[in-house]
2 protein chains.
Amino acid sequence: MKQKNHTQCTGALLPIRDALDVLSGKWKLQIIIAISAGNNRFREIERAVTGITSKVLTKELKDLEEHQLVRRTVYTGTPVLVEYTLDEYAESLENVIVALNEWGTGHRNRLMKAEAISN
Amino acid sequence: MKQKNHTQCTGALLPIRDALDVLSGKWKLQIIIAISAGNNRFREIERAVTGITSKVLTKELKDLEEHQLVRRTVYTGTPVLVEYTLDEYAESLENVIVALNEWGTGHRNRLMKAEAISN
DNA sequence: AAAGCTGGCTACCTTAAGGTAACTGGCTAC
DNA sequence: GTAGCCAGTTACCTTAAGGTAGCCAGCTTT
């Protein structure tokens with residue numbers, strides 16, 4: 001039965017590892033949320049995701065594009081417009097985002113309660 | 001309506017940020033899973049989480065303890081035993097872990113398919 | 001007695017993530 | 001005509017995450 005547990009364990013570890021490889025870092029999920037909220041232009045995203053800089057944003061968007069989570073569309077007009085939209089594949093992240101959102105909300109409440117008590 | 005979207009966006013961003021602050025990094029979730037799978041001793045966890053070193057594990061366990069996700073119990077016998085168990089609060093992470101596990105599994109399949117096509 | 005286990009700690013080093021600031025070129029609005 | 005917006009880029013720097021290796025003290029096994 002120890003063996004079974006260990007098998008379950010290693011079974012869960014690999015997918016988690018894969019997921020973290022793609023989603024790790026401070027920004028990726030925040031960017032996805034910002035785009036899904038209707039911020040489709042570079043500067044819009046930059047403003048929506050507080051604290052990010054254009055350099056980092058550039059890199060993160062490239063990463064997300066490579067993983068087919070974000071699509072970059074260039075409208076060659078004048079001026080040139082660049083639009084970032086979520087790729088279909090990004091929808092599959094919804095459960096992850098919802099779960100993290102819920103947990104983060106709960107955690108934040110917990111922290112605030114603890115703080116209130118200690119004061 | 002753009003305004004509403006933006007409010008939703010910033011509303012979701014903060015909790016996500018809080019969650020990532022606690023769970024970010026390569027190891028924390030993997031350690032939690034390893035412990036939940038019945039690896040309660042330091043060296044057991046070290047072996048279960050492939051690639052981690054004792055130094056990093058020490059630090060991560062301390063972090064998790066501070067966030068009340070993991071409990072450290074010392075049995076002062078001879079030899080001294082140290083046991084790591086999940087704190088109740090860690091149960092609240094279940095949805096996050098399940099979501100990440102599912103997404104990671106799907107993502108891994110997707111990658112393997114893409115690889116198969118390109119060969 | 002030598003080797004291996006336990007739960008770590010220490011010093012040193014590398015890598016990658018992220019931050020700071022300045023700048024570009026073509027447009028537009030004042 | 002100058003100030004600002006757009007989508008970035010470049011060069012440089014700091015920080016933190018993580019890796020490598022060796023060690024300790026007390027026990028057990030061989």
Side-chain angles (χ1 to χ4, degrees), chain A residues 2 13 16-35 38-67 69-86, chain B residues 2 6 13 16-32 34-35 38-67 69-86:
Chain A
K2 183 66 161 291
L13 279 180
I16 295 272
R17 226 174 253 245
D18 292 338
L20 290 179
D21 278 349
V22 177
L23 304 174
S24 69
K26 246 166 118 172
W27 304 115
K28 299 215 172 57
L29 285 172
Q30 293 187 62
I31 292 171
I32 289 175
I33 293 171
I35 295 179
N39 302 285
N40 298 321
R41 312 281 296 279
F42 189 88
R43 297 290 182 201
E44 279 176 1
I45 302 171
E46 191 177 0
R47 279 189 294 263
V49 181
T50 316
I52 201 169
T53 62
S54 54
K55 176 196 136 182
V56 172
L57 180 55
T58 302
K59 190 207 137 215
E60 301 285 282
L61 284 171
K62 263 180 205 153
D63 285 358
L64 292 171
E65 218 189 321
E66 271 174 26
H67 287 115
L69 291 168
V70 163
R71 183 176 299 147
R72 183 180 189 263
T73 317
V74 181
Y75 296 98
T76 50
T78 163
V80 176
L81 281 191
V82 181
E83 222 183 50
Y84 294 92
T85 49
L86 291 189
Chain B
K2 183 69 163 289
H6 191 260
L13 279 180
I16 295 274
R17 225 175 255 247
D18 291 339
L20 291 178
D21 277 350
V22 177
L23 305 175
S24 70
K26 245 166 117 172
W27 303 115
K28 299 218 172 54
L29 286 173
Q30 294 187 60
I31 292 171
I32 289 175
I35 295 180
N39 302 285
N40 297 323
R41 312 280 296 280
F42 190 87
R43 297 290 180 198
E44 278 176 2
I45 302 170
E46 191 177 359
R47 279 188 295 263
V49 181
T50 316
I52 202 169
T53 61
S54 56
K55 176 196 136 181
V56 173
L57 181 54
T58 302
K59 190 207 137 215
E60 301 286 281
L61 284 171
K62 263 180 204 154
D63 286 357
L64 291 171
E65 219 190 321
E66 271 174 26
H67 289 299
L69 292 167
V70 162
R71 182 175 300 147
R72 181 177 190 267
T73 318
V74 182
Y75 296 98
T76 50
T78 165
V80 176
L81 280 192
V82 181
E83 220 184 52
Y84 294 92
T85 48
L86 292 189

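Since the structure is predicted, the reported quantities are computational estimates derived from the model, not experimental observations. Proteins get letters first, then strands, A, B, ... in listed order; numbering begins at 1 in each.
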Margin query: Does a side-chain N or O of A:K26 approach OP1 or OP2 of C:dG19 to a distance below 4.0 Å, or not?
Written below: yes

Next item on the list: Check every atom of C:dG8, C:dG18, C:dC9 against the side chain of A:K55 and return the nucleotide holding the closest atom.
Entry: C:dG18

Checklist line | Pair partner, C:dA29 [Watson-Crick or wobble, under 3.5 Å] | finding: D:dT2

Item checked: Distance test, side-chain N/O of B:K59 to OP1/OP2 of D:dA17, below 4.0 Å -> yes

Check: Between A:Y84 and D:dG8, is there a side-chain N or O to OP1/OP2 distance below 4.0 Å?
Finding: yes

Notebook entry, point to check: Of the non-hydrogen atoms in B:A34 and B:N39, which two are nearest, and what is the gap between them?
Noted result: O-ND2, 2.9 Å

Check: Taking CZ from A:R41 and C1' from C:dC27, how many angstroms apart are they, rounded to a whole number?
Finding: 13 Å

Notebook entry, point to check: Nearest of D:dG8, C:dG8, D:dG19 to any side-chain atom of B:V82?
Noted result: C:dG8

Item checked: Rounded distance in Å - CG (B:L61) to P (C:dG8) -> 8 Å

Check: What is the distance, rounded to the nearest whole Å, between atom CH2 of A:W27 and atom C1' of C:dA17?
Finding: 11 Å

Next item on the list: Confirm from the modelled atom types if B:T58 and C:dC9 form a donor-acceptor pair under 3.5 Å, side chain to base only.
Entry: no

Next item on the list: Please tell me which of the listed nucleotides, D:dG18, C:dG8, C:dG18, lies nearest to the side chain of B:S54?
Entry: C:dG8

Next item on the list: Measure from CG on A:L57 to P on D:dT10 and round the result to the nearest Å.
Entry: 16 Å

Next item on the list: Take atom CZ of A:R72 and atom C1' of D:dC6, then tell me their distance rounded to the nearest Å.
Entry: 13 Å

Note to self: How many whole angstroms separate atom CG of A:N39 from atom P of D:dC6?
What the structure shows: 13 Å

Check: Does a nitrogen or oxygen in the side chain of A:R47 sit under 4.0 Å from OP1 or OP2 of D:dC6?
Finding: yes

